[in-house]
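Before any comments, here is the structure.
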Amino acid sequence: MQFATLNEGVVPGVPSLDELRGLKPLQQPEWPDPVALEQVIGQLRKLPPLVFAGECDDLTDKVGAVARGEAFLLQGGDCAETFDGVTAENIRAKLRVLLQMSVVLQYAASVPVVKVGRIAGQYAKPRSSGDETRDGVTLPSYRGDAVNGIDFTPESRIPDPQRLREVYNAAAATLNLTRAFTTGGYADLHQVHAWNTDFVRSSPVGRRYEQLASEIERALAFMRACGATADEFKTVDFYASHEALILEYEHALTRIDSRTEQPYDVSGHLLWVGERTRQLDGAHVEFLATLSNPLGVKIGPTTTPEYIRALIDKLNPKGIEGRLTFITRMGAGKIREALPPLLETVRDHGSPIAWVCDPMHGNTYETPNGYKTRNFDDVVNEVQGFFDAHEEVGTWPGGLHVELTGDDVTECLGGGEELVAEDLVNRYETACDPRLNRHQSLELAFLVAERLRGAQS
């Protein structure tokens, strides 16, 4: 697959970077050296694509099945990736927990699972404040490794455009290893026990998973005895997604696909716009509206039916299945009231939208000992509310979007381990928001599988 050569960043059908900047985009870094920034943008425009248009189209088709109620989407990974986190062990651990969750969902609920990582691009984060103050010292906020450093020093917090080139390199390395894992044998369904060897003895949910893995192994043995050895058991389709936040990076990686002559942002397969940057007349929505990638939009509790209709008309005017996913982030106490009117609006509009639940971002708070955290019970409650709302309206609860890690961190309270605020000091390692650890992620997958079985009946 080839992409057309671009002339000084001119992408037919896509607003220029200057036009997007003229819309005064929100949550953008204040780059101190515009000359250095333009040099980096020029370098990025010449680099090979990180993903291919055909892969994006395949994902669009799979999300279309989600919108029709024929599949379930599992999307997960770090809140904010870091350059130091680009290691084989870290990538393998995240992939492992996503594979385990997908096996639980697919086997227990008998529904195909579309696997999407918050991976290979989630290096920038929107912030509620542009500054951070500690002990009377005020510095620019950490906006992710794509922009500045996490260390609280004046030098570290200066936005550096050279980091955008590092984002590309880190994403390329991550995708390279992920593809090796998913096609080279690690994702083989016969490995369901191997994914769990270091986990089963230390966790009740690990033992529950092991029982399910044994059932799967017996089913595979039966199929082998029947002469069925499908290649589909040996590899998985795995896609990369991130929030399309920094417009210089996303625009520089936009190409024209030679097959279709359509523009694709080749920084990732699925791109989403966040709650803070989804203004209908804003630069981010204007940019994403011109792309052929599958798109997502974060939807909060203040979203109105009128806005939903206008957003669909802006981002999916042709009504393409799989083109548009709404990712709800309402909060456990608001979703049962706020979501049903939106579901009814989309149903009556007739556009094929996939609905995915993000139970993380609406349930964040700070503990008395100063840690940003989430309670597992609130996460579960929001997921249950998501299913309740869809059951009320008669629509399909299409997916789950979670911030998670494959490591045994202590960042979210509760779960089977019954973590409390005092435990947060042990392994609080996130660069931004608290993530579910491996135990909590797998426990959530079993709970979702139970609701999925009910949604199918």
Side-chain angles (χ1 to χ4, degrees), residues 27 29-30 76-85 90 93-94 97 118 122-159 243 245 274-276 298 300-301 329-335 358-383 401-441 443-444:
Q27 296 290 333
E30 295 181 4
D78 273 319
C79 163
E81 293 179 283
T82 63
F83 298 149
D84 288 342
N90 188 34
K94 282 188 285 190
V97 72
R118 284 175 60 107
Q122 191 60 17
Y123 291 96
K125 293 294 293 182
R127 305 310 301 261
S128 56
S129 173
D131 296 319
E132 179 184 359
T133 300
R134 298 184 192 177
D135 300 325
V137 178
T138 299
L139 295 175
S141 294
Y142 171 64
R143 290 187 173 274
D145 276 13
V147 179
N148 53 8
I150 197 170
D151 293 337
F152 193 74
T153 65
E155 297 77 16
S156 175
R157 292 299 175 89
I158 296 174
E243 180 178 358
L245 185 62
E275 174 83 349
R276 294 184 177 95
K298 290 289 188 80
R329 42 156 296 172
M330 303 286 188
K334 299 177 181 178
I335 189 166
D358 169 2
M360 308 294 290
H361 286 89
N363 297 302
T364 307
Y365 65 97
E366 188 170 309
T367 62
N369 56 347
Y371 286 88
K372 186 193 293 187
T373 191
R374 292 149 176 164
N375 193 294
F376 185 72
D377 287 344
D378 293 334
V379 171
V380 171
N381 190 11
E382 178 152 1
V383 172
H401 180 126
V402 287
E403 292 179 338
L404 57 79
T405 175
D407 301 322
D408 292 328
V409 300
T410 54
E411 296 173 2
C412 292
L413 305 183
E417 301 169 291
E418 299 181 346
L419 296 179
V420 296
E422 289 72 23
D423 294 317
L424 297 179
V425 301
N426 296 328
R427 289 195 63 184
Y428 194 95
E429 300 174 2
T430 181
C432 192
D433 290 337
R435 305 159 295 175
L436 299 180
N437 63 29
R438 188 178 173 193
H439 299 258
Q440 294 164 331
S441 299
E443 188 175 349
L444 182 62

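Just so you know, these numbers use all the heavy atoms, side chains as well, and skip hydrogens, waters and symmetry mates. Just so you know, residue 1 is the first one in the sequence shown, and it goes up from there.
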Would you check if the side chain of D423 reaches a backbone N or O of L413 as a donor-acceptor pair within less than 3.5 Å? no
Is it the case that over 12 heavy atoms from other parts of the model lie below 6.0 angstrom from the NZ atom of K372? yes
Should Q440 and R374 count as side-chain neighbours, where that means a heavy-atom distance under 4.5 Å? no
Under the side-chain contact (heavy atoms from CB on, under 4.5 Å) test against T410, which residue among N437, V425, L419 passes? L419
Where do C79 and T430 come nearest, in terms of heavy atoms and distance? CB-OG1, 4.4 Å
Looking at side-chain heavy atoms only, is the closest gap between R118 and K94 below 4.5 Å? no
Quick check for you: to the nearest 0.5 Å, what is the distance between S141 atom OG and I150 atom CD1? 11.5 Å
Correct closest heavy-atom pair for L404 and S441 would be CB-OG, 3.4 Å
Just wondering, do R127 and Y142 contact through their side chains at under 4.5 Å, heavy atoms? yes
I'd like to check H361 versus E403 (side-chain heavy atoms, cut-off strictly below 4.5 Å). Are they in contact? yes
Are side-chain heavy atoms of M360 and D433 found at a separation under 4.5 Å? no
Apply side chain to side chain donor-acceptor pair (under 3.5 Å) to residues T153 and D151 and explain how you reach the verdict. CA-CA 6 Å; T153 65; D151 293 337; 5.8 Å; no
Which value, rounded to the nearest 0.5 Å, describes the distance between R329 atom CZ and H401 atom NE2? 10.0 Å
Step-by-step salt bridge (charged side-chain N to carboxylate O under 4.0 Å, His left out) determination, E132 to R157: CA-CA 10 Å; E132 179 184 359; R157 292 299 175 89; 2.9 Å; yes
With distance as the sole test, does E411 use its side chain to make a donor-acceptor pair with the main-chain N or O of R435 at under 3.5 Å? yes
Residue pair L139, V137: steps toward the side-chain contact (heavy atoms from CB on, under 4.5 Å) verdict: CA-CA 7 Å; L139 295 175; V137 178; 4.2 Å; yes
Side chain proximity check, E429 to T405, heavy atoms < 4.5 angstrom: no
Run the numbers on D408 and H439 for side-chain contact (heavy atoms from CB on, under 4.5 Å), then give the verdict. CA-CA 8 Å; D408 292 328; H439 299 258; 3.4 Å; yes
For the pair N148 and R143, evaluate side-chain contact (heavy atoms from CB on, under 4.5 Å) and give the outcome as yes or no after the intermediate values. CA-CA 6 Å; N148 53 8; R143 290 187 173 274; 4.2 Å; yes
Counting C-beta onward and ignoring hydrogens, is there a side-chain heavy-atom pair between R276 and S128 closer than 4.5 Å? yes
Could you check if a side-chain atom of Y365 sits within less than 4.5 angstrom of a side-chain atom of T373, using non-hydrogen atoms only? yes
Which pair of heavy atoms, one from A80 and one from A431, lies closest together, and at what distance? O-CB, 4.1 Å
